[in-house]
Protein chains: 2
Amino acid sequence: MSLVEVLTMGRVSVDLYPEQLGVPLAEVRTFRKMLGGSPTNVSVAAARLGRRAAVITKVGADGFGDYVRAALTEFGVDSAFVSTDETLRTPLAFCELHPPDHFPLLFYRQPTAPDLQLTSSDLAAAPVETVPLLWMTGTGLAEEPSRSATLAALHRRGARAHTVFDLDYRAMLWREDAKPFYRQAASLATVLVGNREEWAVLGDVPEGIDLAIEKLGPDGVRGNRGGETVVVPPIEVEVVNGLGAGDAFGGALCHGLLAGWELERMLRFANAAGALVASRLGCADEMPSLAEVEELLCSA
Amino acid sequence: MSLVEVLTMGRVSVDLYPEQLGVPLAEVRTFRKMLGGSPTNVSVAAARLGRRAAVITKVGADGFGDYVRAALTEFGVDSAFVSTDETLRTPLAFCELHPPDHFPLLFYRQPTAPDLQLTSSDLAAAPVETVPLLWMTGTGLAEEPSRSATLAALHRRGARAHTVFDLDYRAMLWREDAKPFYRQAASLATVLVGNREEWAVLGDVPEGIDLAIEKLGPDGVRGNRGGETVVVPPIEVEVVNGLGAGDAFGGALCHGLLAGWELERMLRFANAAGALVASRLGCADEMPSLAEVEELLCSA
């Protein structure tokens, strides 16, 4: 294949979406299967915007693992770095949809998930040092051996631009204090992305960061690059499903970083991509194209 | 509630059935949620035939656990003995439907299932000694503490009729030799039910067994009671989904045992109930009524 531009690493899941909206899980009758997991979705979003993308992750030796590879291929994402755990199941995520702001998840990732069993040898063939953009997540630090594999990959790369660390903090996945591991990973990144709670886990911005982004929810998004601070307001859309909006934002951010855009253009573009996905039922299968994002930006 | 006549113990699951037939799991787009788990289904089948039924089982503290209780109530099964494990998820079972004879399952029961965490204290309030029919399964012996709880319940009851031990052997759930535990449980039962492979796990019929049933698949079913042997041929139906047919057979067997039917009538009736469910897509939600079984027996 042609050279990868965007390489993400971490969580994958088969998301099972209710076909009945606004009811608790107990009352959902039918579910639709979708590709999910934040860094997986980021790679799909970047591919949809025309970037050559790949994801480093791990699935179970089951039909859902087959599905993950097939779906990635369908979305134009290279699945060469998807490995297989022989005993654990491919993780599932069930959600409830209570628009506009309540989207509870039920994870089937017990006793752990294949993507947290990634080791450095699973990454050996991946172009971690040379890829133009590497996207790592905080969830990848939650458990060994994924923690060591994530940190080793960041060391291999040596804080070269663009190295994005998506703070992506999920308290339920942590059994110890995340902060020391977040500090290590952040010190090897050039771009940090997170919401207010996630920034609180990390603390202040480490040396060497080119771009720090804080998602402000209803207040939009704030970016800081080399002393310049830009706040971009949210785009008003009717929210159908808030899940995946942050991943659309992430994929669009990758596109803007690689295009060398200035800060405000990049944040507006990523914001619009997130808004489009929030207005849609799907996530991975409804990531917006360049034309769709530009159209929303013109009309907003 | 009124006194329970049929009390089953063991496995429960939320079964997720493909809405697309004849395709591998990777290609299924949508799933329909159903109640599942063999002894759970047996209680539903018995209730559908007019018997007051209850199941001793355990679910997770999640929306699917809520669903299990709601579905049991809807089917007329008492859920008073359904307890909750605070950390494990309610188990899932995905299936593929390749009629007439290939119905592979993918279980999400890792690292173990709540129903294998049943303890004697979960059974303390259940009428194990006095219920007219107790239905236990081999899967309940696969792991502690369910193994001890199952054997303790059988000891409490003291081999009183009717005590059914459904051999229900699933090799994937066992990490050691099942035979010694099967021998113990069978020595405390009055009725044994299983297919050829399951009987091979148990060995010969222990002392004190009133009725031994071997399911012969395409050759029907054979029963032996007090020296009398009856073989009942299968009923020809177009198989849509073979899963759950054995549970319909089990619920019908409970009905026949409680009615005091003679062997041949009981086996013909149970056979017909199984055939009806095999000809239907659903399991728990499509258990046959008395009238439906009798109609098939008349037309066959």
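In what follows, chains carry the letters A, B, and so on, assigned in the order in which the sequence lines appear, proteins first and then strands, with residues in each chain numbered from 1.
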Margin query: If only side-chain N and O atoms count, and only distance matters, is there a donor-acceptor pair under 3.5 Å linking Thr84(B) with Arg69(B)?
Written below: yes
Next item on the list: Under 4.5 Å heavy-atom distance to chain A, tell me which part of Val14(B) shows up: side chain, backbone, both or neither.
Entry: neither
Margin query: Which one wins on heavy-atom pair count under 4.5 Å against chain B: Asp62(A), Leu92(A), Thr112(A)?
Written below: Leu92(A)
Check: With a 3.5 Å cut-off and no angle check, do the side chains of Ser121(A) and Thr119(A) form a donor-acceptor pair?
Finding: yes
Margin query: Can you tell me which portion of Glu96(B) sits under 4.5 Å from chain A's heavy atoms? Options are side chain, backbone, both or neither.
Written below: neither
Next item on the list: Check the side chains of Ser146(B) and Arg11(B) for a donor-acceptor pair under 3.5 angstrom, ignoring hydrogens and angles.
Entry: no
Notebook entry, point to check: Rounded to the nearest 0.5 Å, how far apart are CZ of Arg280(A) and CD of Glu238(A)?
Noted result: 14.0 Å
Next item on the list: Under 4.5 Å, counting heavy-atom pairs only, tell me which of Met34(B), Gln110(B), Arg32(B), Glu19(B) racks up the most with chain A.
Entry: Gln110(B)
Check: chain A: which of Tyr17(B), Tyr67(B), Phe31(B) shares the most heavy-atom pairs with it under 4.5 Å?
Finding: Phe31(B)
Checklist line | Note: Arg147(B)-Glu176(B) ion pair, threshold 4.0 Å (strictly below) | finding: yes
Checklist line | Among Pro104(B), Pro24(B), Gly63(B), Gly60(B), residue most engaged with chain A (heavy-atom pairs, under 4.5 Å) | finding: Gly63(B)
Note to self: So for Leu88(B), is it side chain, backbone, both, or neither that comes closer than 4.5 Å to the heavy atoms of chain A?
What the structure shows: both
Next item on the list: Provide the closest heavy-atom pair for Thr87(B) versus Asp85(B) in the form atom of the first, atom of the second, distance.
Entry: N-OD1, 2.9 Å
